[in-house]
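Okay, structure first, notes after.
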Amino acid sequence: HVNEDMHDEL
Amino acid sequence: MNVFRLVGDLSHLLAIIMLLKKIWSSRSCAGISGKSQLLFALVFTTRYLDLFTSFISVYNTSMKVIYILCAYATVYLIYVKFKATYDHNHDTFRAEFLVVPVGGLAFLVNHDFTPLEILWTFSIYLESVAIMPQLFMISKTGEAESITSHYLFCLGGYRALYIINWLYRFYSEGFFDLIAIVAGCVQTILYCDFFYLYITKVIYGQKLSLPA
């Protein structure tokens, strides 16, 4: 899955 | 969080601190591209707008704050405090040739057509080319101070480590973000020429000189 809703990376 | 991303973030932080300290202690920004630093400040500003709306972790929030503060402090030192040492004649890369296409692309290719997501996408695309004015300036001056080379090595290394992080996350948790991955690869490829020179020259204590 592409997790674009919450960007958890800097 | 995994070791590749953590070392990548620390390498990024080291690069930012190293540059700030170099400009501050030498009281000069000679050889530093103010345009690249302006672009990095824009990258952090547009990427971390969710600083107040979404909380991931103390680490995430504190790193975002540090990045933004250091970016603006560096821009302030270059354009205000040590303006007299800023090398206008060699920092001539047309940054608008980067910002405009990247801005257009962010509208066309993104995950979600919302203001915050488009700005995040703009920030990802911009970061991949933000170092070009600096690399261009070094190719014009024909050389770089060793501290500037170390700065570029850490800065280039951080996104290379992120690529390994993305591979790790893909195989361990099925996570992938194609926009970040493609931009990260472009960004890292831009450093390849510099990495080669850095490894073959700077490590042996020679000055780094890009082919002009």
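To find a chain, count down the sequence lines: A is the first, B the second, and so on, and within it residues start at 1.
- In summary, B:R169 and A:D8 engage in a salt bridge, as defined by a charged side-chain N under 4.0 Å from a carboxylate O.
- Between B:F170 and B:F175, the ring center distance fails the sub-6.0 Å criterion.
- At a 4.5 Å heavy-atom cutoff, the contact between B:D9 and chain A is made by side-chain atoms alone.
- In this structure, the portion of B:N165 lying under 4.5 Å from any heavy atom of chain A is its side chain and not its backbone.
- Ring pair B:F136/B:H90: centre-to-centre distance not below 6.0 Å.
- In this structure, chain A has a heavy atom under 4.5 Å from the side chain of B:Y67, while its backbone stays farther away.
- Between B:Y72 and B:Y76, the ring centre distance reaches or exceeds 6.0 Å.
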